[in-house]
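Take a look at the structure below.
The sequence lines fix the lettering, A, B, ..., with proteins before strands; numbering per chain opens at 1. Everything numeric here is computed off the predicted structure, so don't read it as measured data.
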2 protein chains.
Amino acid sequence: MKNYMSILKDNGLKATFQRMHILEVIGMYGHKDVDEIYAEVVKTHPSISLATVYKNILIMSQNNVLVEVPLIGRKAKFEIKKDCHVHLICKECGSIEDEDIDLVDINSLKEVLSNKNFLYSGQELNVYGTCSNCSSIKVS
Amino acid sequence: MKNYMSILKDNGLKATFQRMHILEVIGMYGHKDVDEIYAEVVKTHPSISLATVYKNILIMSQNNVLVEVPLIGRKAKFEIKKDCHVHLICKECGSIEDEDIDLVDINSLKEVLSNKNFLYSGQELNVYGTCSNCSSIKVS
DNA sequence: TTACTTATTAATAAAAATTATTAAAAAGGA
DNA sequence: TCCTTTTTAATAATTTTTATTAATAAGTAA
């Protein structure tokens, strides 16, 4: 609780219970979409509105607290901002796992960016496939 | 025209005018979202319905003709399927440029995948920032 | 070509997702 | 505690996407 409070304040946002609950849910599960977040938060905070969840997710994304993870064929998920990492996304069950490793060839990237005069601000690497769980089930 | 016809047929889809027009628009611009595609296609094919555009984009995505490019804070774009590449996405103007280069460290990726027992099927690398056009304008 | 069979389209309609509005409530600082 | 400002909740309104189905068009084979 204290932790999320300071994250919010450090990023210039008021630490409301709604926001902290939203962050707790996302932190607990890693990646969640708006509906999933609402469904969890409403359990402990029955008066919260879905619009409030939308608005807070937007504000926290704009203020570097959350990061949107757009996905092929699914609703976007949100995660708490953290250092560069890779997403392993299962096309079967939709699970997302973080790998805390930077797989991008930084030198080649820098060259591409400088050739294009492109000012870098962030990246996302998504790897799609089938997780171990789903591939073992699929032996049917 | 001939080209897109064979792409469709090679992937087991009938080559209708609607589909070929959609592919032409995407091919012309590189990346387009559903509304943009509809707006272009309707110019030369006034009777087409938005639902038809949605359905065909879905079918062509499912049949490896198109690839969805989900984006942070924007509607997903679609591109014609091609080899592994990187997207340079401008946060200012929304432009997307392809770089035909594979920046991912393949050996490290293989190691991650084998550790996790994750069956690879595809990847997407998006780099966000400011394109040369927008950064030169922003000297204001 | 023509007739036939099947898949696709267009036009709704319906559902789902997202954003806007505003009075009431809550947060943070004096 | 009081005051000012921001945020919430509860709609309402949009926007986006999907479903339905009769009409149409595509591909196939005679």
Side-chain angles (χ1 to χ4, degrees), chain A residues 1-2 4-25 32-63 65-66 68-78 94, chain B residues 1-2 4-25 32-63 65-66 68-78 94:
Chain A
M1 205 75 157
K2 183 68 181 59
Y4 293 130
M5 182 180 282
S6 51
I7 291 177
L8 287 166
K9 292 189 175 176
D10 289 351
N11 288 284
L13 294 175
K14 287 191 176 178
T16 67
F17 288 115
Q18 289 85 347
R19 286 176 189 164
M20 288 191 284
H21 281 157
I22 289 171
L23 290 177
E24 270 171 40
V25 168
K32 283 278 183 190
D33 67 32
V34 175
D35 283 341
E36 293 166 341
I37 293 165
Y38 175 72
E40 278 299 313
V41 172
V42 83
K43 288 181 187 170
T44 57
H45 192 136
S47 72
I48 201 171
S49 117
L50 180 58
T52 297
V53 174
Y54 268 103
K55 179 176 287 187
N56 278 313
I57 286 175
L58 179 63
I59 288 177
M60 292 192 285
S61 296
Q62 291 170 333
N63 287 76
V65 175
L66 291 180
E68 182 181 345
V69 183
L71 297 170
I72 292 177
R74 291 198 151 81
K75 289 186 67 166
K77 307 270 182 181
F78 291 85
Chain B
M1 205 72 157
K2 183 68 182 59
Y4 293 130
M5 183 181 281
S6 51
I7 290 179
L8 287 165
K9 293 190 175 175
D10 289 350
N11 287 284
L13 293 175
K14 287 189 177 179
T16 67
F17 287 115
Q18 288 85 347
R19 286 177 188 161
M20 287 191 284
H21 281 157
I22 290 170
L23 290 177
E24 269 171 39
V25 168
K32 282 278 182 190
D33 68 31
V34 176
D35 282 340
E36 292 167 341
I37 292 165
Y38 175 71
E40 279 298 315
V41 172
V42 83
K43 288 180 187 170
T44 56
H45 192 137
S47 73
I48 201 171
S49 118
L50 179 58
T52 297
V53 175
Y54 268 102
K55 179 176 288 187
N56 279 312
I57 285 174
L58 179 63
I59 287 178
M60 291 193 285
S61 296
Q62 290 170 336
N63 287 75
V65 175
L66 291 180
E68 182 180 345
V69 183
L71 297 170
I72 292 178
R74 291 198 150 81
K75 290 185 68 167
K77 306 270 183 180
F78 292 86

| said: If we ignore hydrogens and angles and just use 3.5 Å, is the side chain of A:Arg19 paired with the main-chain N or O of A:Asn56 as donor and acceptor? | reply: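 Side chain of A:Arg19 to backbone of A:Asn56: no pair is present.
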| field | Heavy-atom donor-acceptor pair, B:Glu68 side chain to B:Ser61 backbone, under 3.5 Å | value |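 No: the side chain of B:Glu68 does not pair with the backbone of B:Ser61.
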Nucleotide [N], atom [atom2] - distance to [atom1] of [X] in whole Å:
X: A:Asp35; N: C:dA16; atom1: CG; atom2: P; value: 10 Å
X: A:Gln18; N: C:dA25; atom1: CD; atom2: C1'; value: 10 Å
X: A:Met5; N: C:dG28; atom1: CE; atom2: C1'; value: 11 Å
X: A:Lys55; N: C:dA20; atom1: NZ; atom2: C1'; value: 8 Å
X: A:Lys14; N: C:dG29; atom1: NZ; atom2: P; value: 8 Å

| query | When the nearest nucleotide of DNA chain D is assigned to B:Lys75 and to B:Leu13 on a heavy-atom basis, which residue is associated with the more 5' position? | reply |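 So the residue in question is B:Lys75.
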Compare all side-chain heavy atoms of [X] with those of [Y] and state whether any distance is below 4.5 angstrom.
X: B:Phe78; Y: B:Val34; result: yes
X: B:Leu23; Y: B:Met60; result: yes
X: B:Val65; Y: B:Ile59; result: no

| field | Positions of residues 38-51 of chain B (non-hydrogen atom under 4.0 Å from DNA chain C), listed by number | value |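 Hits under 4.0 Å, by residue number: B:His45, B:Ser47, B:Ile48, B:Ser49, B:Ala51.
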| query | How would you label the contact of A:Thr16 with the nucleic acid (heavy atoms, under 4.0 Å): base, sugar-phosphate, or nothing? | reply |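 A:Thr16: backbone/sugar contact only, no base atoms under 4.0 Å.
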| query | Do NZ/NE/NH1/NH2 and the carboxylate oxygens of B:Lys75 and B:Glu36 come within less than 4.0 Å? | reply |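 B:Glu36 and B:Lys75: not salt-bridged.
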| message | Need two values: the first and the last nucleotide of DNA chain D, 5' to 3', having an atom under 4.0 Å from any heavy-atom of chain A. | response |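 Going 5' to 3' along DNA chain D, contacts run D:dT5 to D:dT11.
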| request: Please name the residue in the list B:Ile22, B:Val25, B:Val53 that meets the side-chain contact (heavy atoms from CB on, under 4.5 Å) test with B:Glu40. | output: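 Between B:Glu40 and the candidates, side-chain contact (heavy atoms from CB on, under 4.5 Å) is satisfied uniquely by B:Val25.
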| task | Look up atom CG in B:Asn63 and atom CG in B:Asp10, then write down how far apart they are to the nearest 0.5 Å. | result |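 Result: 12.0 Å between the selected atoms.
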